[in-house]
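Read the structure below first, then the notes.
What's counted below: heavy atoms across the whole structure, side chains too, no hydrogens, waters or symmetry copies.
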Amino acid sequence: MKKTLVTIFIGIVAGIALIVLFRQSPTKAAGTTEKKPAYTFNITFDSAVPYKLSPSASEEDLVSFAWNEFFALNWKSSYSSSFKYRGYADPAWSYINDKSPYPAEPLVWETYAHRVELRPNDDNMQAFDSEPRYVYASNIPPKNDTVKQNLFNNLDENNEIGSCNLYAKILPDYNTNLQVLYQAKVNRDEFDYKYKNYRKEADLKAAVLKTANNIEMYNDYYYKAGGSTCNCPDTARVFCLPCGGARVPGTLGIYTGALEVKSAWREVTDQEVATHLTRQVLVYEKVNGKTVAVNKRYGLIGLHIVHKLANYPAFTFATFEHVDVDTKDNMGYIRLDPDNTPLGDKKPRLYSRARPIPDVVKASTDYVHIQLSRRNFNSVWKNYRLVGIQGKPSSDTSAFNYFLANYVIESDSALSNFRGSSLEAPYNGGLNLLYKKMRYNQGGCQGCHGVTQLRGSDFSFLMGLKDQPHKTPDISRSDSKLALYLQAFEEVNKSAGKQKKK
């Protein structure tokens, strides 16, 4: 009996020792330390459009800023039949309390002003909160009495700055049934800057030309600007869009900053409505040789956000796209020549993404999709991803997102690999951007927009003097959009040549 008790006691002690040892010594499967996430993001899913970004922002800071812009702009707007104020978020809505894929009502950015509202062909610019009004050089009749011509989404562009036409679902027969269409919009700060200072085209032209001349003479927007392109004095009479975070002159208010949104769309099927932001839109088609307005159902596949900030006066360029564009959508483009006719094969060609999306950017999309699932499992935004963001200019081709390009907005090689001084020489490394009195060879979106900066319109093609104001939707054009852009680039080349001689 005594021997048995001793044996039991020894067994209990041994068991306790094993338990203690097990708790203090993790198994191989558990590992010695918990693995920490590779990146840390500060993505808020908030309605306030961000305007603060550290001048020393890290890659994680930049991609977080891009997503915060995205979610603020895709917030449900407060616009309604009883509250006709554009560009404001609905304070009662959130990504948590709405379990539908997306609001049926307009989103904040959809209520922004279209490029034709910004520069109407009758030179009679209306206030920002006016009902959408699209005035071209000649009246475009509706196809029938049911067509609504005052919709917020007016897809009047049918190519990528005249460089190529883009099509979806081209396989198996390389068809051109689903052409990608585009539109461009501006926020209240950018619109009101023009409305208050250069409402008439003659005044805008004078300011843009003066700014371009100053850049050529002083490498500055105005004499003794000291490299600043924020809050240029009214007395300078130059074109200088407001910077986010800067004080609104004469008030205690703070600018959100000039902000432009370019979006890409295609027709969608019934099955795709839940996976694409889908809207009834205004588009144009030919009937018996004449252009008419029609309403159709289109889905969003690409979104550019271009934003001027006090710490980033050369703008930030963030771009997003639908996750299917480079897989299921079978996209193909047809290159155009300066005569607006197809280059070579008249059938669309398949293409690959020019460069991979950076790991930190892909990680941010993964993070966002997880967070969206926790808020609203049905959210349509789980089908969209960030492609990248550009901040401060650089001539270093290895810089973060140097060659930033959206798969459905900069599709062909000239745009997706751009780092040149013109569309005829897109890879020549020519100077194409001014930042703090220094000229840079910037690639991607920022470098392309830099061309219009050097021509005096502060990175905005919408405010430029080439191809503006738009006389007609692209489908009705008799001239070549590409030829006009080529001419603009060539003028910048001549300016750069003069700079080198100085």
| note | Of all heavy-atom pairs linking Phe191 and Ala113, the shortest is CD1-CB, 3.5 Å

| query | Out of curiosity, Asn213 CG to Tyr218 OH, how far, rounded to the nearest 0.5 Å? | reply | 9.5 Å

| request: Report the C-alpha separation of Leu433 and Gln446 in whole Å, then their side-chain angles, then the decisive distance to 0.1 Å, and conclude whether the side-chain contact (heavy atoms from CB on, under 4.5 Å) test is met. | output: CA-CA 8 Å; Leu433 182 151; Gln446 194 171 36; 3.7 Å; yes

| Would you say Gln390's side chain and Gln442's backbone share a donor-acceptor pair under 3.5 angstrom? | no

| message | Any non-hydrogen side-chain atom of Tyr221 less than 4.5 Å from a side-chain atom of Ile215? | response | yes

| message | Check Arg115 with Asp156, please: is the shortest side-chain N to carboxylate O separation under 4.0 Å? | response | yes

| When you measure from the side chain of Tyr193 to the backbone N and O of Cys240, does any donor-acceptor pair fall under 3.5 Å? | yes

| request: Could you tell me whether a side-chain N or O of Gln453 sits under 3.5 Å from a main-chain N or O of Tyr435, the two making a donor and an acceptor? | output: no

| field | Passing option when Asn74 is tested against Trp381, Tyr95, Trp109 for side chain to side chain donor-acceptor pair (under 3.5 Å) | value | Trp109

| request: With side-chain contact (heavy atoms from CB on, under 4.5 Å) as the test, would you mind laying out the steps for Val180 and Met331 before giving the verdict? | output: CA-CA 9 Å; Val180 177; Met331 309 296 298; 3.6 Å; yes

| said: Ignoring hydrogens, what is the shortest heavy-atom contact between Ile254 and Arg247? Give both atom names and the distance. | reply: CD1-NH1, 3.7 Å

| Once you round to the nearest 0.5 Å, how far does CG of Leu204 lie from CZ of Arg119? | 5.0 Å

| request: Measure from NZ or CZ of Arg419 to the centre of the six-membered ring of Tyr427 and say whether it is under 6.0 Å with the direction within 45° of the ring axis. | output: no

| remark: Nearest heavy-atom contact between Asp220 and Leu434 is N-CD2, 4.0 Å

| Presence of salt bridge, Lys185 and Glu110, under 4.0 angstrom | no

| Rounded distance (nearest 0.5 Å) linking atom OG1 of Thr229 with atom CZ of Phe239 | 12.0 Å

| Within a strict 4.5 Å, meaning less than it, do heavy atoms of the Asn165 and Tyr333 side chains meet? | no

| field | Arg86 to Tyr79 six-membered ring, cation-pi geometry met (6.0 Å, 45°) | value | no

| field | Asn432 side chain to Ser421 side chain, donor-acceptor N/O pair below 3.5 angstrom | value | no

| Residues, nucleotides or ligands: over 12 heavy atoms within 6.0 Å of Lys205 NZ | no

| message | Would you say OH of Tyr223 has more than 12 non-hydrogen atoms from neighbouring residues, nucleotides or ligands within 6.0 angstrom? | response | no

| task | Could you check whether the rings of His276 and Tyr384 sit parallel, tilted or perpendicular, using 30° and 60° as the cut-offs? | result | perpendicular

| Are any side-chain N or O atoms of Asn295 and backbone N or O atoms of Gln280, one a donor and one an acceptor, separated by less than 3.5 Å? | no

| task | Tell me yes or no: between the side chains of Glu105 and Ser77, is some donor less than 3.5 Å from an acceptor? | result | no

| field | OG1-CD distance between Thr319 and Glu410, expressed to the nearest 0.5 angstrom | value | 6.0 Å

| said: Taking the side chain as everything from C-beta on, heavy atoms only, tell me whether Val283 gets closer than 4.5 Å to Tyr298. | reply: yes

| Does Asn441 reach the main-chain N or O of Gly430 with its side chain, forming a donor-acceptor pair under 3.5 Å? | yes

| How long is the gap from OG on Ser457 to CG on Leu241, to the nearest 0.5 Å? | 8.5 Å

| query | Is a donor on one side and an acceptor on the other found under 3.5 Å between the side chain of Asp203 and the backbone of Asn197? | reply | no

| query | Any side-chain heavy-atom pair from Asn401 and Phe403 closer than 4.5 angstrom? | reply | no

| Qualifying salt bridge (charged side-chain N to carboxylate O under 4.0 Å, His left out) pairs with a residue from residues 290-319, counting only residues at least two apart or across chains | Asp270-Arg297, Glu285-Lys296, Lys308-Asp458

| Considering residues, nucleotides and ligands other than Lys148, do more than 12 of their heavy atoms fall under 6.0 Å from its NZ? | no

| Check ion pair Asp122-Arg133 (N to O, under 4.0 angstrom) | yes

| said: I'd like to know if the side chain of Tyr198 reaches the main chain of Val238, judged simply by a donor and an acceptor atom lying under 3.5 Å from each other, with no hydrogens or angles considered. | reply: yes

| Are the aromatic rings of Tyr134 and His114 close, with centres under 6.0 Å apart? | yes

| query | Could you give the distance from CG (Asp98) to CH2 (Trp93), rounded to the nearest 0.5 Å? | reply | 5.5 Å

| message | Using only atom types and a distance under 3.5 Å, with no angle test, would you say the side chain of Asp123 pairs donor to acceptor with the backbone of Lys200? | response | no

| field | Gly257 backbone acceptor or donor facing Asn187 side chain under 3.5 Å | value | yes

| request: For residues 250-263, pull every pair meeting side chain to side chain donor-acceptor pair (under 3.5 Å), keeping only residues two or more places apart or in separate chains. | output: Gln183-Ser263, Glu260-Ser460, Ser263-Trp265

| message | Between Val261 and His304, does the side-chain contact (heavy atoms from CB on, under 4.5 Å) criterion hold? Intermediate values first, please. | response | CA-CA 5 Å; Val261 178; His304 264 344; over 6 Å; no

| Taking it one step at a time, do Leu282 and Phe152 satisfy side-chain contact (heavy atoms from CB on, under 4.5 Å)? | CA-CA 8 Å; Leu282 180 62; Phe152 279 122; over 6 Å; no

| query | Between Trp67 and Phe71, how do the two ring planes meet: parallel, tilted or perpendicular, split at 30° and 60°? | reply | parallel

| query | Are any of the side-chain nitrogens in Glu321 or Arg385 under 4.0 Å away from the carboxylate oxygens of its partner? | reply | yes

| query | Could Asp412 and Arg335 be called an ion pair, given the rule that one side-chain N must be under 4.0 Å from one carboxylate O? | reply | yes

| request: On the 0 to 90° scale, with breaks at 30° and 60°, tag the Tyr351-Tyr407 ring pair as parallel, tilted or perpendicular. | output: parallel

| query | Are Cys243 and Cys230 close enough that their SG atoms are less than 2.5 Å apart? | reply | yes

| Side chain proximity check, Arg188 to Asp129, heavy atoms < 4.5 angstrom | yes

| field | Arg477 versus His470, closest heavy-atom pair with distance | value | NH1-ND1, 4.4 Å

| task | Quickly, which of Asn158, Thr291, Asn154 forms a side chain to side chain donor-acceptor pair (under 3.5 Å) with Tyr284? Name it, please. | result | Asn154

| query | Mind checking whether Phe83 and Tyr88 have parallel, tilted or perpendicular rings, split at 30° and 60°? | reply | perpendicular

| query | Can the ring centroids of Phe317 and His449 be said to lie less than 6.0 angstrom from one another? | reply | yes

| task | Taking all heavy atoms of Ile475 and all of Lys286, pick out the closest pair and write down the distance. | result | O-CE, 3.4 Å

| said: I'd like to check Pro469 versus Val116 (side-chain heavy atoms, cut-off strictly below 4.5 Å). Are they in contact? | reply: no

| request: Measure the shortest side-chain to side-chain distance between Leu454 and Arg439 over non-hydrogen atoms and say whether it is less than 4.5 angstrom. | output: yes

| said: Testing the basics here: between Pro313 and Phe459, what is the closest heavy-atom pair and its distance to 0.1 Å? | reply: O-CE1, 4.2 Å

| Flag side-chain contact, heavy atom, 4.5 Å: Val306 against Thr316 | no

| Test item: Lys436 side-chain N/O and Gly227 main-chain N/O as donor-acceptor pair under 3.5 Å | no

